[in-house]
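Structure, as structure tokens:
Excluded from the calculations below are hydrogen atoms, water molecules and symmetry mates; all remaining heavy atoms, backbone and side chain alike, are included. Counting starts at 1 for both ligands and their atoms, in listed order.
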Amino acid sequence: MLLDTLQRPLGNLRLSVTDRCNLRCQYCMPEADYVWLPRQDILHFEEIDRIVDAFVALGVERVRLTGGEPLLRRDLPILVERLARKTGIRDLAMTTNGVLLAPVAADLARAGLHRITVSLDTLHRDRFVRLARFDELARVRAGIDRAAAIFPGLKIDTVVIRGVNDDEIVTMLEFARERGAEVRFIEYMDVGGATHWSLDQVVSRGEILDRLSAHFGPIVRVDEGSTAPADRFCLADGTVFGVIASTTAPFCRTCDRSRLTADGMYYLCLYATRGLDLRAPLRSGADTAALADIVARAWQARDDRGAEARLALRERAPLISLNSLKRDPHLEMHTRGG
Ligand code: SAM
Ligand code: SF4
Ligand code: SF4
């Protein structure tokens, strides 16, 4: 097993397949203009396949497709099919905003995708438009309904922001429960791209649990020895939900995930400001063993604890300035996939 300097195994790869998106969520892409990755730099499916082989050779068993919006990547089921064939991958998942999901959900399942998470922050149409800039709530809901009928264990991720959607915690849980899905409430993070972030808009895990127990009664913690970022909880009726407390109670100590951007830059942490270029060696002919060697050396030197380091700061403001984001789009959350 490949361990970093804090004895954390490399277990999980988040694979961004595009930096483009068809929404403009206020906590991720609030600006009017963006600098996109050059098209010629975007990895082809066979290149992604080769890089993933290197990660699988190092013990990665869980791969999550993300973006940008992964469903904007043309022919995504073909990539899914290639990845699903790899016997080393036990868990092949995708995080999507759900807009384009309904018509392709069955194709994705047939191609071998195991699990889907859909991001949804509000059930109010006007609020959705304010939050994501496009009038797409109906298509997201259709995507959720379709995916819930096809995929087991559908998850719905909700970023909770004070004064924006924190009055919907109870209704989001009920919405997920009615569909046999599990909602996970995510604390608002000060990641690259969240240029409007402020600490007073963060609704903490404690506050989320207080509001839920005020409505639903006692909540118990579901204990599990996994490295998943969500703490899971259970209502008296057996409904399970999660809270991802990345801002107030980060889980860096057990973090086994790293990220590959659509143009082949490798990041050891969501908050890392520098990545490792895997596209250059790939395009100059490095084979699986050589790529695995580059990744292994990077992982063995890894000491990142980005969210914990942020928590230790006395003064907190958005992580990366707008000017820096424009100079290097790799610093954006929508480029490295969240
Ligand atoms: N476009 C897809 C989607 O929205 O599901 C996948 C990429 S998106 C960057 C991945 C996840 O990051 C989403 O669930 C989104 O809500 C989350 N995210 C983005 N910015 C965030 C922020 N500032 N704080 C917390 N979560 C954030
Ligand atoms: Fe929203 Fe995901 Fe697009 Fe970011 S990448 S703007 S979170 S849909
Ligand atoms: Fe892992 Fe970095 Fe997130 Fe901490 S901040 S959980 S080390 S990705």
Side-chain angles (χ1 to χ4, degrees), residues 4-6 8 10-31 34 64-73 93-101 116-122 128 131-134 136 140 143-144 155-161 164-165 183-198 201-203 227-230 244-247 249-259 261-262 267-273 299 302-312 318-320 332-338:
D4 71 4
T5 61
L6 300 172
R8 297 170 296 187
L10 171 64
N12 194 318
L13 179 66
R14 300 188 65 112
L15 196 60
S16 172
V17 292
T18 180
D19 59 326
R20 273 66 170 178
C21 192
N22 47 0
L23 295 182
R24 291 289 181 275
C25 303
Q26 283 303 300
Y27 50 77
C28 178
M29 301 184 75
E31 309 303 331
Y34 283 91
R64 177 170 292 272
L65 303 175
T66 178
E69 173 45 40
L71 293 177
L72 286 180
R73 182 77 191 241
M94 178 179 72
T95 301
T96 170
N97 63 30
V99 174
L100 300 173
L101 181 56
I116 287 195
T117 300
V118 180
S119 304
L120 176 63
D121 307 313
T122 178
F128 187 99
L131 240 172
R133 218 188 295 160
F134 290 90
E136 293 285 15
V140 176
I144 288 175
K155 294 206 169 69
I156 296 176
D157 277 5
T158 301
V159 180
V160 184
I161 302 181
V164 174
N165 65 344
V183 68
R184 302 189 311 171
F185 298 105
I186 306 179
E187 290 180 354
Y188 188 11
M189 290 185 269
D190 56 346
V191 285
T195 43
H196 297 196
W197 185 91
S198 72
Q201 283 192 296
V202 177
V203 181
T227 60
I244 303 182
S246 344
T247 300
F251 32 85
C252 301
R253 225 165 296 280
T254 56
C255 175
D256 66 349
R257 60 195 66 84
S258 55
R259 295 170 163 79
T261 62
Y267 286 87
L268 296 168
C269 176
L270 194 50
Y271 286 87
T273 47
W299 188 267
R302 176 183 190 247
D303 61 0
D304 300 66
R305 291 164 44 250
E308 286 180 0
R310 297 292 296 162
L311 185 62
L319 173 69
I320 316 255
E332 299 272 8
M333 178 74 151
H334 71 263
T335 306
R336 50 179 72 177

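- Remark: ligand 1 atoms within the under-4.0 Å shell around heavy atoms of Gly68 are 1 (N), 2 (C), 6 (C), 7 (C).
- The residue Val118 has no part lying near ligand 1, judged by heavy-atom distances below 4.0 Å.
- For the pair Asp157 and Arg184, the salt-bridge criterion is met [side-chain N within less than 4.0 Å of a carboxylate O].
- Every atom of ligand 1 with a heavy atom of Cys28 under 4.0 Å away is listed here by number and element: 19 (C), 20 (N).
- Near Phe251, meaning under 4.0 Å from any of its heavy atoms, are these atoms of ligand 3: 6 (S).
- Among protein heavy atoms, atom 8 (S) of ligand 3 sits closest to Leu270 N, 3.3 Å.
- Gly193 does not count as a contact of ligand 1, since none of its heavy atoms falls under 4.0 Å from the ligand.
- Contact atoms of ligand 1 toward Ala194: 23 (N) (distance under 4.0 Å to a heavy atom of the residue).
- Residue Asp121 places no N or O, backbone or side chain, under 3.5 Å from any N or O of ligand 1.
- In terms of protein heavy atoms, atom 15 (C) of ligand 1 is closest to Tyr27 CE1, 4.0 Å.
- At the top of the distance list for atom 14 (O) of ligand 1, counting protein heavy atoms only, stands Ser119 OG, 2.7 Å.
- Those atoms of ligand 1 that come under 4.0 Å of a heavy atom in Thr66, given as number and element, are 6 (C), 7 (C).
- The nearest N, O or S atom of His334 is not closer to atom 3 (Fe) of ligand 2 than 2.8 Å.
- Protein heavy atom in closest approach to atom 1 (Fe) of ligand 3: Cys255 SG, 2.3 Å.
- For atom 7 (S) of ligand 3, the closest non-hydrogen atom of the protein is Asp304 O, 3.6 Å.
- Tyr267 pairs with exactly one of Arg14, Arg257, Arg336 by the side-chain contact (heavy atoms from CB on, under 4.5 Å) rule, that one being Arg336.
- When heavy-atom distances to ligand 1 are checked against a 4.0 Å cut-off, Thr95 comes that close through both its backbone and its side chain.
- Less than 4.0 angstrom separates some heavy atom of Tyr271 from each of these atoms of ligand 3: 5 (S).
- The residue Met189 has no part lying near ligand 3, judged by heavy-atom distances below 4.0 Å.
- Scanning the protein heavy atoms around atom 24 (N) of ligand 1, the nearest turns out to be Met189 N, 2.9 Å.
- For atom 4 (Fe) of ligand 2, the nearest non-hydrogen atom from the set Cys28, Gly68, Gly98 belongs to Cys28.
- Remark: atom 10 (C) of ligand 1 lies closer than 4.0 Å to at least one protein heavy atom.
- When only non-hydrogen protein atoms are considered, atom 18 (N) of ligand 1 lies nearest to Met333 CE, 3.6 Å.
- Ligand 2 lies less than 4.0 angstrom from a heavy atom belonging to Met29.
- Atom numbering of ligand 3 starts at 1 in the shown order; those under 4.0 Å from a heavy atom of Arg259 are 8 (S).
- Which parts of ligand 1 touch Tyr188 is read off a 4.0 Å heavy-atom cut-off, strictly below it: atoms 23 (N), 24 (N).
- Contact atoms of ligand 1 toward Glu187: 25 (C) (distance under 4.0 Å to a heavy atom of the residue).
- In summary, the atoms of ligand 1 found under 4.0 Å from a heavy atom of Glu69, numbered by their order in the structure, are 1 (N), 2 (C).
- Of the protein's non-hydrogen atoms, the one nearest atom 2 (Fe) of ligand 3 is Cys269 SG, 2.2 Å.
- In terms of protein heavy-atom proximity, atom 5 (S) of ligand 3 is closest to Ala307 N, 3.0 Å.
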